[in-house]
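The sequence lines fix the lettering, A, B, ..., with proteins before strands; numbering per chain opens at 1.
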2 protein chains.
Amino acid sequence: MNKQKPVRLRDLAFELNLSVSTVSRAMSGKGRISDKTRARVLKAIKKSNYTPNDVARSLRMQNAMSIGIIVTDITNSFFASVIKGAQSVSREKGYSILLSNSDENILYEAEAMQLMLEKQVSGLILASVGNNGPRIDQFRSLNIPIVFIDNTPEPITSFDSVSTDNHKAAYCLTTRLIEKGYREIGMITGPLNQSSGRQRYEGFQSAMNEHGAPLRAEWIREGDFQMESGMVLMRRILETARPPRAVIISNNYMTYGAAKTIKRMGKSIPDDVALASFDTDDPTSLSSPTIASMNQPAVEIGTKAAEILINRLTAKQPLPHANLVLEPVFTDGDSW
Amino acid sequence: MNKQKPVRLRDLAFELNLSVSTVSRAMSGKGRISDKTRARVLKAIKKSNYTPNDVARSLRMQNAMSIGIIVTDITNSFFASVIKGAQSVSREKGYSILLSNSDENILYEAEAMQLMLEKQVSGLILASVGNNGPRIDQFRSLNIPIVFIDNTPEPITSFDSVSTDNHKAAYCLTTRLIEKGYREIGMITGPLNQSSGRQRYEGFQSAMNEHGAPLRAEWIREGDFQMESGMVLMRRILETARPPRAVIISNNYMTYGAAKTIKRMGKSIPDDVALASFDTDDPTSLSSPTIASMNQPAVEIGTKAAEILINRLTAKQPLPHANLVLEPVFTDGDSW
DNA sequence: AATGCTTGCGCAATCGATTCCATTGTGATA
DNA sequence: TATCACAATGGAATCGATTGCGCAAGCATT
């Protein structure tokens, strides 16, 4: 009904005939205080529904105990899992999560980073769209650590990162395809100015070259990691005079789009064209065919990123930069 | 390299030979200030990489301009979409998002609510697991608005909510099944102590009764909205002496589990058993068969929840409680 | 009994931005 | 030129919690 003023330390102190500082010490357990008054205070707090004002505490402590997370799209199950992982570690260690979606928009990303600065986050976990140099420098100069995930800036100079061995993942996937007898293989890559996109493309190239398989330009298209581009580019590839027998697709969304297009064109996977992908593993999926895929350990990326971040935040002395590269996890499928 | 102290208003003021208050006024545009000094200040700020300290501002303003969101599972695409919707509205209106995952755990949920209180969120969007009375009362007494989503507390006394017409959704889904000729229909319900679970069950009952279709106890099982329970309960249902010809399943995860079980038992959807579900609509899905489903407009739930919340936060006079009930969206499929 | 040490607690500064109030300064009008 | 009105700016309190410092009381040691 009527707005009730929140209880402050001052109110408790008044009620107990104590000073604010004593009540504060009773709560925190720091500083000198007798067991008797401590008990008295704690008892009073119990039934007073006192809620500490963390904003005030943050200001005084110069530490908001919060971690910013910026991802490009929270509805992408990969990022959702990353966030879940990061959240569980953060909770344990007493950090809260400030979330922002950049919608793959570099302007929104910059805005979000600015917000994180203003909110005085202790650290940032960032899945960056592209290069966002000036803003990143600001974090560096304020000594606010960033852990990059998914896309890592290159060269990885002075930041932490958690990523997957994308080169290896693509290399293995391609090699398996070749071992299965496919030689005419195309690829829908991600943006080549993003590390994940380029590394996967390079892994593909390596494997193809090593096995003497042909790299044909019209079988290779650069997408943008969105479903739309998977649909469009797969159609283009299949409409070439002599389409490839298999296509590697650089992420989950483009694969979904590509598979839809293939079905819509009345063709079959893998009889007309085989597919291999990244990050399509999903225990809940009823996908048919199931897609052979190299998957990033998403939850682990989240937990590791949070651990590295918090580790740095609580370290006494400067720490070397951690650039963790996790192994991709293969899941087989009927798509090849 | 070396930690750099952040620039404060005080530093700017000193540099410009002005008082802190003047600089503050220049930034906010409020209060009396000459255009000349205002311009001078703004110019200085431009090249000073000054970042306002929002923690201090929040303390002074008694308003953190942030919205808490607590969901049971961020990797559930339904909740991910809700968050995305809420985030986009919040960004527009200048609110930031504090996120917490409760992992379907009522203790974590309580913890998260406590966190939100301490962080002084302006309002809360809550997908609650169960009844969490005392904590909710605390929000009420502090006049911090809550918008419930997904599960609404009953009776909806003094809070806002955004939900879907679950009864109607289940009723329609059942009616369609019956119209397709199915009469022996089972159901895997959600927890009946949650509003969404119960309402869907009741809608099912209504339709069945109205059409004189048999309600048989062994065809109806109460699940917990997790994939596991979908798997287990579907097996139980199919192993009854005389299994139903169709089963309605109360949410997406249980449907995925159930479908897997059916496939694993070597049976076919819909020939051996037809399925109808909730919230399985997903434009990226390669599911086969596609599942006929009544879907909550997840993104809209998020945007509406945020709008209602912010509306209340910025309203001059007290507002009546908004209990928005959105229409479910039907997507047809091959599962029946 | 005087000195010194320890313990328990209060006072007051502090974190950075906002805002009310007071002060100074400028220009206009009689 | 004296007075008034108002605009521009500075000073200081404030938001709520933390913490260094100092004071006073208690205890022990000589």
Where at least one partner belongs to residues 92-102 of chain A, residue pairs that pass salt bridge (Lys or Arg N to Asp or Glu O under 4.0 Å), sequence neighbours excluded:
none
5' priority, DNA chain D, between A:Pro52 and B:Leu18 [closest heavy atom]
B:Leu18
With DNA chain C as reference, determine whether A:Ala56 or A:Asn17 sits nearer its 5' end, using the nearest nucleotide of each.
A:Asn17
With five pairs defining each end axis, the helix from C:dA1-D:dT30 to C:dA30-D:dT1 comes out bent, to 10°, by 60°
d(CD, A:Gln62; P, D:dA17) in whole Å:
17 Å
How close or far is atom C1' of D:dT18 from atom CZ of A:Arg10, stated in whole angstroms?
15 Å
When all nucleic acid strands are considered with a 4.0 Å heavy-atom cut-off, which category describes B:Asp11: base, sugar-phosphate, or nothing?
nothing
Any base atoms under 4.0 Å from B:Asn63, or only sugar-phosphate, or nothing? Heavy atoms, all strands.
nothing
Please identify the 5'-most and 3'-most nucleotides of DNA chain C with any atom under 4.0 angstrom from a heavy atom of chain A.
C:dT7 to C:dG16
Could a donor-acceptor pair under 3.5 angstrom be found where the side chain of A:Arg57 meets the base of D:dT18?
no
Classify B:Val55 by what it touches in the nucleic acid, base, sugar-phosphate, or nothing, heavy-atom distance under 4.0 Å.
nothing
B:Phe148 meets the ring-ring contact (aromatic ring centres under 6.0 Å, His included) criterion, sequence neighbours left out, with B:Phe159
Pairs under 3.5 angstrom only: tabulate donor-acceptor contacts from the side chains of residues 6-18 of chain B to other protein residues two or more places apart or in another chain.
unit_1, atom_1, unit_2, atom_2, d
B:Arg8, NE, B:Asp11, OD2, 3.2
B:Arg8, NH2, B:Asp11, OD1, 2.9
B:Asp11, OD2, B:Arg8, N, 2.7

Could you tell me the separation between the NZ atom of A:Lys5 and the C1' atom of D:dT14, rounded to a whole number of Å?
13 Å
Under the side chain to side chain contact (heavy atoms under 4.5 Å, CB included) rule, collect the residues that match up with A:Ala110, sequence neighbours excluded.
A:Asn132, A:Arg135
Sequence neighbours excluded, the answer for side chain to side chain contact (heavy atoms under 4.5 Å, CB included) partners of B:Leu117 is A:Thr51, B:Gln114, B:Gln138, B:Phe139, B:Leu142, B:Ile144
For residues 70-84 of chain B, the side-chain hydrogen bond (donor to acceptor under 3.5 Å, both in side chains) pairs (sequence neighbours left out) are A:Asp73-B:Lys84, A:Lys84-B:Asp73, B:Asp73-B:Thr75, B:Asn76-B:Asn252
Quick check against the 3.5 Å criterion: does A:Thr314 have a side-chain atom that pairs as donor or acceptor with the backbone of A:Ile310?
yes
Taking only N and O in the side chain of B:Thr22, is any of them less than 4.0 Å away from OP1 or OP2 of D:dG10?
yes
Who passes side chain to side chain contact (heavy atoms under 4.5 Å, CB included) against B:Ala86, sequence neighbours left out?
B:Ile69, B:Ile125, B:Ala306
Could you give the CE-to-P distance, from A:Met27 to D:dA17, as a whole number of Å?
9 Å
I want to confirm an ordering. Mapping B:Asn53 and B:Arg25 to their closest nucleotides on DNA chain C, which one lands closer to the 5' end?
B:Asn53
From the set D:dT18, D:dG10, D:dT14, return the single nucleotide nearest to any side-chain atom of B:Ser21.
D:dG10
Among A:Glu307, A:Gln296, A:Lys304, find the residue that satisfies the side chain to side chain contact (heavy atoms under 4.5 Å, CB included) test when tested with A:Val162.
A:Lys304
Do any pairs count as a side-chain hydrogen bond (donor to acceptor under 3.5 Å, both in side chains) and have a residue in residues 58-71 of chain B, sequence neighbours left out, and if so which ones?
B:Asp54-B:Ser58, B:Asn63-B:Ser122
The criterion is salt bridge (charged side-chain N to carboxylate O under 4.0 Å, His left out); which residues satisfy it with B:Arg25, sequence neighbours excluded?
none
Got a sec? Which of residues 28-50 of chain A come in under 4.0 Å of DNA chain C, heavy atoms?
A:Arg32, A:Ile33, A:Ser34, A:Thr37
Side chain to side chain contact (heavy atoms under 4.5 Å, CB included) between A:Arg38 and A:Leu42, intermediate numbers included
CA-CA 6 Å; A:Arg38 157 93 127 290; A:Leu42 291 183; 3.9 Å; yes
